[in-house]
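Whatever order the structure lists ligands and atoms in, that order sets their numbers, starting from 1. All values derive from a computational prediction rather than experimental measurement.
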Amino acid sequence: MIRTDWTTNEAQEIHSLPFPDLIHRAQTIHRTHFDPTAIETASLLSIKTGGCPEDCGYCSQSAHHQTGVKATKLMDANDVIAAAKLAKAAGAQRFCMGAAWRSPKDRDMDKLGEMVRGVSELGLETCMTLGMLTPDQVASLKSAGLNFYNHNIDTSPEYYQKIASTRTMDDRLETIEYVRKGGIKVCCGGILGMGETEQDRISMLVTLATLSAHPDSVPVNLWNKVQGVPIQKRAEQVDPFALVRLVALARILMPASVVRLSAGRTGMSDELQALCFLAGANSIFVGNQLLTTENPAAWKDFELLDRLGMHTAPARTKTVAAQ
Ligand code: SAM
Ligand code: DTB
Ligand code: SF4
């Protein structure tokens, strides 16, 4: 059953179950909704890097921090489409285009639409992450055929002010609502390892799981270390079992959503990734590069899936979610 009325207490109780019981519950739910041997693959491209006016304390692309990331202009649509072709050949099913913007300018919308159309024509699913959108901008991306929009809440409502001051959680939730109402699938998750408490992590998932409809896709990122950002001083290594517990909780609270094991996999062992797949993660980014940081080599990922008798396939829910 898909529920959007989870309470924090319920989530805490599930989260603190004995590990075998938690994994069993997550696996049982995972198998009712998905093929447990299938992993979805997405590839990322930074279509406009750095120089961002937002002050997100974790991000290499903010103009407020000295991180050494060089600011670039918005790429040409043809170059983006050429990169998508390579990503498809390398095994990606979805192509996610990210821009270091607070929000796109209306004058950029035609070029963004051209990118969406060109990437779709290659037979790839399309995703963009461009910052805050107006309903008109959502409509423009929808008419170009955009399938997914990524817009993360990043952390709990309680911790949010400690990670960014130029935007609020409510700003994020507003764009998510515009995207959903505009008929584009929502990809929304967060980051672990930024000095937040276990309570914050649970609260972030409860926030997602009590939206009027669950995000179609939930990225769980470990904070990828970048030099020169404020979060560096607070960042903590995430305990591997804490990560698995959180993935399991995401799977249980949002049974029909795809859970993506996103940034931070370069530091994870094969065994930890396998445990995350058992706990319900069913999507990864493939390709050496995320936006400005590294990701494992694609051959390593495919070899791991092969060793586990798993395969890549677009995630398809078995049941139609009554959301
Ligand atoms: N500017 C747009 C926005 O913030 O919505 C889109 C690009 S932004 C880089 C997309 C997401 O990447 C952020 O919301 C955050 O969750 C994630 N992110 C950024 N830096 C990260 C890092 N160092 N480690 C893990 N995730 C990160
Ligand atoms: C998401 O949740 N993770 C991706 C995607 N959405 C856009 C971004 C990860 C970025 C990692 C830091 C970087 O490479 O700059
Ligand atoms: Fe800009 Fe997005 Fe990075 Fe924040 S997370 S600084 S909005 S690119």
Side-chain angles (χ1 to χ4, degrees), residues 42-65 67-72 74 94-104 108 112 126-133 137 148-155 159-160 163-169 171-176 179 186-196 204 208 215-232 234-235 238 243 250 257-268 281 283-296:
S43 179
L44 263 176
L45 176 70
S46 181
I47 59 171
K48 194 266 165 229
T49 306
C52 183
E54 301 274 31
D55 70 351
C56 311
Y58 51 81
C59 184
S60 64
Q61 304 197 69
S62 166
H64 296 257
H65 322 312
T67 65
V69 167
K70 212 174 125 259
T72 66
L74 180 62
R94 182 176 311 158
F95 193 65
C96 180
M97 296 157 264
W101 282 328
R102 174 174 164 82
S103 51
D108 297 319
L112 295 168
T126 53
C127 177
M128 280 186 158
T129 179
L130 314 167
M132 290 179 247
L133 297 179
Q137 291 174 332
F148 287 83
Y149 194 76
N150 168 250
H151 201 66
N152 290 339
I153 58 166
D154 287 327
T155 191
Y159 195 58
Y160 200 85
I163 63 153
S165 76
T166 53
R167 63 189 193 190
T168 64
M169 173 72 85
D171 291 331
R172 302 300 276 178
L173 296 175
E174 185 178 62
T175 292
I176 291 162
V179 169
V186 172
C187 171
C188 182
I191 311 176
L192 315 181
M194 303 193 292
E196 73 288 343
M204 173 176 88
L208 296 174
D216 301 273
S217 173
V218 180
V220 177
N221 296 277
L222 291 191
W223 181 63
N224 250 359
K225 202 176 280 176
V226 285
Q227 301 298 329
V229 296
I231 287 299
Q232 221 180 338
R234 277 179 269 159
V238 176
L243 170 65
S257 304
V258 170
V259 177
R260 182 172 313 109
L261 198 54
S262 301
R265 286 194 307 109
T266 44
M268 290 181 206
S283 177
I284 55 172
F285 283 121
V286 288
N288 301 357
Q289 176 95 359
L290 293 170
L291 293 172
T292 65
T293 63
E294 285 181 0
N295 197 45

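- Leu290 places a side-chain heavy atom less than 4.5 Å from the side chain of Phe285.
- The shortest side-chain heavy-atom distance between Gln137 and Pro104 falls under the 4.5 Å cut-off.
- Those atoms of ligand 2 with a heavy atom of Thr292 less than 4.0 angstrom away are 13 (C), 14 (O), 15 (O).
- Between the side chains of Asp55 and Ser165, at least one donor N or O lies within less than 3.5 Å of an accepting N or O.
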Stepwise side-chain contact (heavy atoms from CB on, under 4.5 Å) check, Thr155 with Ile191: CA-CA 6 Å; Thr155 191; Ile191 311 176; over 6 Å; no
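- Of all protein heavy atoms, the one closest to atom 5 (S) of ligand 3 is Tyr58 OH, 3.4 Å.
- Short contacts between ligand 2 and Thr129, defined as distances under 4.0 Å to a heavy atom of the residue, involve ligand atoms 7 (C).
- If you check which protein heavy atom lies closest to atom 8 (S) of ligand 1, you get Leu291 CD1, 4.6 Å.
- Under 4.0 angstrom from ligand 2, the non-hydrogen atoms of Thr293 come from both its backbone and its side chain.
- In this structure, Met169 and Ile153 have side chains that are in contact, with non-hydrogen atoms separated by less than 4.5 Å.
- Ranking the protein heavy atoms by distance from atom 7 (C) of ligand 1 puts Ala99 O, 3.7 Å first.
- At distances below 3.5 Å, not a single donor-acceptor pair connects side-chain atoms of Tyr58 with backbone N or O atoms of Gln232.
- At the shortest separation from atom 6 (N) of ligand 2 among protein heavy atoms lies Asn150 OD1, 3.3 Å.
- Across every non-hydrogen atom of Pro219 and Asn152, the tightest pair is CG-OD1, 3.5 Å.
- The main-chain N or O of Asn224 is never found under 3.5 Å from a side-chain atom of Thr293 such that the two would form a donor-acceptor pair.
- Arg167 and Asp154 are joined by a salt bridge, as a carboxylate oxygen and a charged side-chain nitrogen come within less than 4.0 angstrom of each other.
- Ligand-side atoms of ligand 3 in range of Cys52: 1 (Fe), 6 (S), 7 (S), 8 (S), range being under 4.0 angstrom from any heavy atom.
- Considering only heavy atoms from C-beta on, Thr49 stays 4.5 Å or farther from Lys70 through its side chain.
- For atom 12 (O) of ligand 1, the closest non-hydrogen atom of the protein is Asn152 ND2, 4.5 Å.
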Verdict with reasoning, Val226 to Thr67, per side-chain contact (heavy atoms from CB on, under 4.5 Å): CA-CA 7 Å; Val226 285; Thr67 65; 5.5 Å; no
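- At a cut-off of 2.8 Å, Cys59 coordinates atom 3 (Fe) of ligand 3 through an N, O or S atom.
- Numbered from 1 in the order shown, with element, the atoms of ligand 2 that lie under 4.0 Å from a heavy atom of Pro219 read 2 (O).
- Using a distance-only test at 3.5 Å, with no hydrogens or angles considered, a donor-acceptor pair links the side chain of Glu196 to the main chain of Met194.
- Of all protein heavy atoms, the one closest to atom 21 (C) of ligand 1 is Tyr58 CD1, 3.9 Å.
- Between Leu243 and Val220, the shortest heavy-atom contact is CD1-CG1, 4.0 Å.
- Taking atom 6 (C) of ligand 1 as the reference point, the nearest protein heavy-atom neighbour is Thr129 OG1, 3.1 Å.
- The contact set between ligand 2 and Phe285, taken as ligand atoms under 4.0 Å from a residue heavy atom, comprises 3 (N), 4 (C), 5 (C).
- Heavy-atom separations between Thr292 and ligand 1 are all 4.0 Å or longer.
- Residue, atom and distance of the protein heavy atom nearest to atom 3 (N) of ligand 2 are Asn221 OD1, 3.0 Å.
- Remark: minimum distance from atom 24 (N) of ligand 1 to any protein heavy atom is reached at Asn224 N, 2.9 Å.
- The nearest heavy-atom contact from the protein to atom 10 (C) of ligand 2 is Leu291 CD1, 4.0 Å.
- Ligand-side atoms of ligand 3 in range of Ala100: 8 (S), range being under 4.0 angstrom from any heavy atom.
- Between Met97 and ligand 1 there is no heavy-atom distance shorter than 4.0 Å.
- Residue-ligand proximity: Arg172 is placed with a non-hydrogen atom under 4.0 Å from ligand 1.
- Residue Ala263 has at least one heavy-atom neighbour below 4.0 Å for each of these atoms of ligand 1: 25 (C).
- When the heavy-atom distances from atom 2 (Fe) of ligand 3 to Arg102, Arg167, His151 are ranked, the shortest goes to Arg167.
- No hydrogens or angles considered: a donor-acceptor pair under 3.5 Å links the side chains of Thr166 and Glu54.
- Between the side chain of Arg260 and the backbone N or O of Asn221 there is no donor-acceptor pair closer than 3.5 Å.
- Ligand 1 lies within reach of Gly131, whose nearest heavy atom is under 4.0 Å from it.
- Every atom of ligand 1 is numbered from 1 in the order shown, and the set under 4.0 Å from a heavy atom of Asp154 is 13 (C), 14 (O), 15 (C), 16 (O).
- Panel note: side chain His64, backbone Pro53; a donor-acceptor pair is recorded below 3.5 Å.
- Summary of contacts: the protein heavy atom closest to atom 4 (O) of ligand 1 is Arg167 NH1, 3.2 Å.
- The backbone N or O of Val186 lies less than 3.5 Å from a partner atom in the side chain of Asp216, making a donor-acceptor pair.
- The Leu222 neighbourhood of ligand 1 comprises atoms 24 (N), 25 (C), with distances under 4.0 Å to a heavy atom of that residue.
- Here the heavy atom of the protein found nearest to atom 27 (C) of ligand 1 is Ile191 CD1, 3.7 Å.
- By the 3.5 Å distance cut-off applied to N or O atoms, Asn152 is counted among the residues near ligand 2.
- None of Pro230, Cys56, Ser60, Cys52 except one satisfies the side chain to side chain contact (heavy atoms under 4.5 Å, CB included) rule with His65; the exception is Pro230.
- Counting backbone and side-chain atoms alike, Cys56 contributes an N/O/S atom closer than 2.8 Å to atom 4 (Fe) of ligand 3.
- Contact atoms of ligand 1 toward Trp101: 1 (N), 2 (C) (distance under 4.0 Å to a heavy atom of the residue).
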